[in-house]
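Below: the structure, in structure tokens.
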Number of protein chains: 2
Amino acid sequence: MTEPDDLLPEGLEDRLPREAATITRAMRACLDVLGSHGYDRVRPPIVEFEKSLAGRMDGVQPRRMFRFVDPVSLRTLALRSDITPQIGRIAATIMANAPRPLRLAYSGETALIKADQLDPARERIQLGAELVGSDSVEAVCEVVSIAVEALHAAGLKGVSVDFTLPDLVDTLSDKALPLAGDARDAVRRELDMKDAGGLKAAGGEAYLPLLYAAGPFDEALAKLKDIDAGGALASRIEGLKAVAARIDGKARITLDPTERHGFEYQSWIGFTLYAEGVRGAVGRGGTYRIRGSEEAATGFSIFVESLASGDIDQPAEDCLYLPLGHDRDAASRLRAIGWRTRAQIGEGEDARALGCTHRLDGKEPVAL
Amino acid sequence: MTEPDDLLPEGLEDRLPREAATITRAMRACLDVLGSHGYDRVRPPIVEFEKSLAGRMDGVQPRRMFRFVDPVSLRTLALRSDITPQIGRIAATIMANAPRPLRLAYSGETALIKADQLDPARERIQLGAELVGSDSVEAVCEVVSIAVEALHAAGLKGVSVDFTLPDLVDTLSDKALPLAGDARDAVRRELDMKDAGGLKAAGGEAYLPLLYAAGPFDEALAKLKDIDAGGALASRIEGLKAVAARIDGKARITLDPTERHGFEYQSWIGFTLYAEGVRGAVGRGGTYRIRGSEEAATGFSIFVESLASGDIDQPAEDCLYLPLGHDRDAASRLRAIGWRTRAQIGEGEDARALGCTHRLDGKEPVAL
């Protein structure tokens, strides 16, 4: 027997029965919500041409993917690190002629060659939905409310949504609060760091109030409105209001308009999903354009393993032990109404140790 | 837009909505059957140390796997080509102390660097169950009957099971029909090829009748019994009878006792699953020993994509179009009783083209 430490590469894990059951249950619940809103599941392969995975979306870094040469095509293949670009590829090519809006759902394994500092996992199950053909306020309303509904269906409590406006500096610096070319990047960076001193030094003094327009949604939005004297953000602010109204108390909402980390490639709106008992985000989404086709899209991803770490009530599980020579028809009828069974296959078994709570006696389950 | 031929590497495919839905439905149905019989889902990672994937089971060829060096451990990793060895690893290590028999289920993606001649796919979803701790007749009875039940649950018709006795030549040549060392391999090979002439030339004339002990189960078994003058196969024959009795008319059964292709590493019994309308096998299984721990096990795998190619009745699917400003509570209640909905998000949408069959009018669906 190998030493446990040596069994699996760092950042890769077995999910054993209890956790695997939670993951499977959460995944099905989420996918059922997406399906009920008309999102059709597609299944792209886990391996593709590297170029294709990296070329369909800004922000996908080939260097973070497992790559290898394909002996058949002699081209470089990669194990996907993100499913979203695959959905973009499908929408832009094989389903280019499907009517819009095109609603697609997915769920599957992704892998990273190197974990990031905050999350040691190198493999995770990504589940999500993409509404292809629109990045309108109505599209965002639909996508955000479905994301929240999916998290509730998975059993999570205390769901919250944190909104951001990824192109805020671009929008403001165009007219309202002009910045020289170099200064724009510096201001973005300092806002990201939430560094007031750095922001001043970079010539972004006028942007200082943005740092304080963060927090509970209504107050933060009011502050943002105050800053937006020129009205450059008017449509954004209206959009945010409409999205917040659609969430309608089903999740706590916050606004952090300058947060760009991970949203560098979103267009006008981005959001991060959180839930009680889960360390870090459970998902994220926003509006973007599919590279190549330049089609607008709105979508979200959920990190399924993180769902399973949340504060989910586990159903108590009965299991029925079937002794050798038991009544097979009775067992089959009991399974049909939801019993799990475990059949005896030899002598010396301990039904309780095998996780059984009941035993089939004639045609009836009796408690062990 | 890229040319379709160039989109994906040879042998790797997107599963689009219709096919993906069939695959998902079939997979859930199969997994639910395994779960109902007490098999607990586990989720090993898709990537592992090559050594670990290749070392746990005879017959797994590292050269058929996508391999790459892990920058973290500096060891060779591989993308799994088969999930069974991972279940063996889990059973032999992290779950070594779980009570036996240990029932584990799995489902997930596997990939091959090179397809085989008969099947051009380089990626497939493998789903299965392993009963760890026993390779007894009772264990085989359970595993085979669950495999048949799973295929029925997935909607397949005309299911059949073809049994083989992988160690037949070893058993017979030990006493009943002795063979010199070299001749044993040659006889095995010629039986595999079903080559009567070759068999004689290899000194295996006494094995000739085995070639004719194949076909519908009862006749083939009777012939096998006739050949087995010395009774060396008596326990095998009794075992086969018991397994056949357990299938109890739920699948057509055949016997091809000398078939070894793909069963080189099974112990006393192997089986292949077929179904109407599916080209090639839908699954296979048998008894084996987990390398390293040498623990006996019985299991089967189903190739999920092949299920979806079978002759499955597709449920007709209604979908409800929700016009802008629709009654959200009504829509939500209709989803709760099973309706799929697609909400309007902008002007100029064609509800029918979007796959909708009905439209929400006030609180009621009306046909389009």
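Both backbone and side-chain heavy atoms feed into the values below; hydrogens, waters and symmetry mates do not. In what follows, chains carry the letters A, B, and so on, assigned in the order in which the sequence lines appear, proteins first and then strands, with residues in each chain numbered from 1.
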For a quick test of reading the model, state the closest non-hydrogen atom pair linking [X] to [Y] and the distance between them.
| X | Y | value |
| --- | --- | --- |
| A/Ala353 | B/Pro99 | O-CG, 3.1 Å |
| B/Leu77 | A/Pro9 | CD2-CG, 3.5 Å |
| A/Val47 | B/Leu12 | O-CD1, 3.4 Å |
| A/Leu354 | B/Pro101 | CD2-O, 3.4 Å |
| B/Arg67 | A/Phe68 | O-CB, 4.2 Å |

> So what's closer than 4.5 Å to chain A heavy atoms on B/Leu324: side chain, backbone, both or neither?
Replying inline: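 For B/Leu324, side-chain heavy atoms alone lie under 4.5 Å from chain A.
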
>> Heavy-atom cut-off 4.5 Å, strictly under: side chain, backbone, both or neither for B/Leu320 against chain A?
In response: neither

Among [options], which residue has the highest count of heavy-atom pairs closer than 4.5 Å to chain B?
| options | answer |
| --- | --- |
| A/Ser136, A/Pro45, A/Gly355 | A/Pro45 |
| A/Val42, A/Ile345, A/Asp70 | A/Ile345 |
| A/Lys114, A/Met95, A/Glu149 | A/Met95 |

>> Taking ring pair (Phe, Tyr, Trp, His ring centres under 6.0 Å) as the definition, give me every residue that meets it alongside A/His358, ordered by chain and number, with sequence neighbours left out.
In response: A/Trp339

> In Å, rounded to the nearest 0.5 Å, how long is the span from CG of A/Leu104 to CG of B/Leu16?
Replying inline: 9.0 Å

> Atom CG in B/Leu7, atom CD1 in A/Ile94: separation rounded to 0.5 Å?
Replying inline: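 Answer for the CG-CD1 pair, B/Leu7 versus A/Ile94, is 7.0 Å.
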
Is it the backbone or the side chain of [X] that comes under 4.5 Å from a heavy atom of chain B, or both, or neither?
| X | result |
| --- | --- |
| A/Leu334 | neither |
| A/Leu131 | side chain |
| A/Leu322 | neither |
| A/Gln344 | backbone |
| A/Arg246 | side chain |
| A/Ile46 | both |
| A/Arg122 | side chain |
| A/Arg103 | side chain |
| A/Glu48 | both |
| A/Ile113 | both |

>> Do the side chains of A/Asp14 and B/Arg89 get close enough for a salt bridge, i.e. N-O under 4.0 angstrom?
In response: yes

Take atom [atom1] in [X]; do more than 12 heavy atoms of anything else shown fall under 6.0 Å from it?
| X | atom1 | answer |
| --- | --- | --- |
| A/Asn97 | CG | no |
| A/Arg328 | CZ | yes |
| B/Arg352 | CZ | no |

Look at the side chain of [X] and the backbone N and O of [Y], then say whether any donor-acceptor pair between them is shorter than 3.5 Å.
| X | Y | value |
| --- | --- | --- |
| B/Arg340 | A/Gly35 | yes |
| B/Arg342 | A/Gly38 | yes |
| A/Ser36 | B/Thr341 | no |
| A/Glu138 | B/Gly346 | no |

>> Checking B/Arg28 now: which residues fulfil side chain to side chain contact (heavy atoms under 4.5 Å, CB included) with it, not counting sequence neighbours?
In response: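 Applying side chain to side chain contact (heavy atoms under 4.5 Å, CB included) to B/Arg28 gives A/Arg28, A/Leu31, A/Asp32, B/Thr24.
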
